[in-house]
Amino acid sequence: MREPHDRACRSRPAWLACLGALLLAVAPLQARDEQAPPTISGPVYYGEPVGATRIAEVAIRLVYAENPAFMRLRALGLSESDGGRGQALFDAAQSAAKRALARVASAHNLQVIAELGSVQGASNLMDRTREVIDELPQFYVEGKVLHGNARNARELAEVDSLAVLMAIPSFVEAQGLDESNARFHILQKDYQDRFAAAMRKIARDSGLDSIVEKGAATSRFGAILDVTQQAIQSLGE
């Protein structure tokens with residue numbers, strides 16, 4: 001015995017209605033199947049674009065503008081193509097940017113990060129520029145580290161080491177002696193010990209991870225704390 005639904009679909013109007021309902025049910029599936037994959041028309045900074053669907057964008061110019069190694073390069077008026085110091089700074093900036101991009105990609109399970117505005121057809125596309133910047137190092141240190149470990153330091157300050165040394169009597173006296181003089185080495189040990197003690201005290205009192213020579217570091221947050229006067233004052237304590 002045929003089901004009522006089958007009987008209803010045998011007449012022409014009813015058959016057309018049934019066909020229309022079937023087509024409406026299949027249409028969304030066909031639309032999903034025929035949806036074009038995302039396309040990327042600009043630079044890709046992380047991942048392999050072929051077949052990628054989990055994609056984000058960044059404005060790489062803004063990332064480099066807050067990259068401390070690149071900031072230092074620009075502040076010194078150097079070029080990344082000079083093959084010397086400028087190239088070294090650019091390489092450091094590029095390495096820092098790649099690490100930051102990789103961390104953001106891992107955090108969001110992204111397959112690709114491309115230039116802002118260059119991706120078409122991707123779902124849930126987001127601008128991750130600020131997140132990448134937040135993953136950059138706070139400082140780039142190119143000069144002498146006077147205390148602590150400057151690598152990945154969160155709290156860092158600078159000191160004019162000559163100004164501090166000039167406040168130590170043994171250093172001043174040693175300047176008038178030759179290294180062949182035995183007293184020079186006695187004085188040298190004294191001022192080196194006192195200088196190191198001053199650096200330790202300032203780092204401990206101020207909660208610093210590292211102290212570097214004045215002008216040796218660049219921060220993406222602006223001016224670096226100068227603790228020269230505090231170090232000089234601590235010599236008498």
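This chain uses plain numbering: 1 for the first residue, then up along the sequence.
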Taking the side chain as everything from C-beta on, heavy atoms only, tell me whether [X] gets closer than 4.5 Å to [Y].
X	Y	value
L165	V172	no
L177	L187	yes
F139	P68	no
K98	Q94	yes
E173	R183	yes
R194	P169	yes
S161	L146	yes
S41	Q120	yes

At their closest point, which heavy atom of [X] faces which heavy atom of [Y], and how far apart are they?
X	Y	answer
L156	A150	CD1-CB, 4.3 Å
Y191	A174	CE2-CB, 3.9 Å
S210	A153	CB-CB, 4.4 Å
A56	L110	CB-CD1, 3.5 Å
V132	A100	O-CB, 3.5 Å
L73	G86	CD1-O, 3.1 Å

Hey, which of V159, V227, D160, I224 is the one that makes side chain to side chain contact (heavy atoms under 4.5 Å, CB included) with K214? D160

Of V44, V112, T39, I40, which meets side chain to side chain contact (heavy atoms under 4.5 Å, CB included) against V119? I40

Hey, could you give me the [atom1]/[atom2] distance between [X] and [Y], rounded to the nearest 0.5 Å?
X	Y	atom1	atom2	value
R151	D209	CZ	CG	14.0 Å
L162	F171	CG	CZ	5.5 Å
I168	D190	CD1	CG	7.5 Å
T218	R74	OG1	CZ	13.5 Å
S118	Y45	OG	OH	7.5 Å
Y46	L101	OH	CG	9.5 Å

Joint hydrophobic cluster, [X] plus [Y], side-chain heavy atoms closer than 4.5 Å:
X	Y	answer
M166	M199	yes
V145	L89	no
L62	L116	no
I113	L125	no
V104	I60	yes

Can you list the steps and then say if E142 with R85 is a side-chain contact (heavy atoms from CB on, under 4.5 Å)? CA-CA 10 Å; E142 191 181 20; R85 188 181 180 188; 2.7 Å; yes

Step-by-step side chain to side chain donor-acceptor pair (under 3.5 Å) determination, R128 to H108: CA-CA 10 Å; R128 301 286 181 181; H108 297 286; 3.2 Å; yes

As a quick check of understanding, evaluate side-chain contact (heavy atoms from CB on, under 4.5 Å) for E158 and L225, giving each step before the final call. CA-CA 6 Å; E158 62 181 11; L225 177 66; over 6 Å; no

Run the salt-bridge test on R103 and E131 with the 4.0 Å N-O cut-off and return the result as yes or no. no

Test side-chain contact (heavy atoms from CB on, under 4.5 Å) on R220 and I133; report intermediate values, then the result. CA-CA 10 Å; R220 62 184 174 91; I133 290 171; 3.9 Å; yes

Does the side-chain contact (heavy atoms from CB on, under 4.5 Å) test come out yes or no for H147 and R200, once each step is laid out? CA-CA 7 Å; H147 176 80; R200 288 194 300 271; 3.6 Å; yes

Any pair with a residue in residues 39-66 that passes salt bridge (Lys or Arg N to Asp or Glu O under 4.0 Å), sequence neighbours left out, goes on the list, sorted by first then second residue, please.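 The answer is E66-R130.
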
Side-chain ([X]) to main-chain ([Y]) donor-acceptor, under 3.5 angstrom:
X	Y	value
N67	A93	yes
S106	A102	no
S219	F221	yes

Is the Y64 ring parallel, tilted or perpendicular to the F70 ring (thresholds 30°, 60°)?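 It falls in the perpendicular class, over 60°.
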
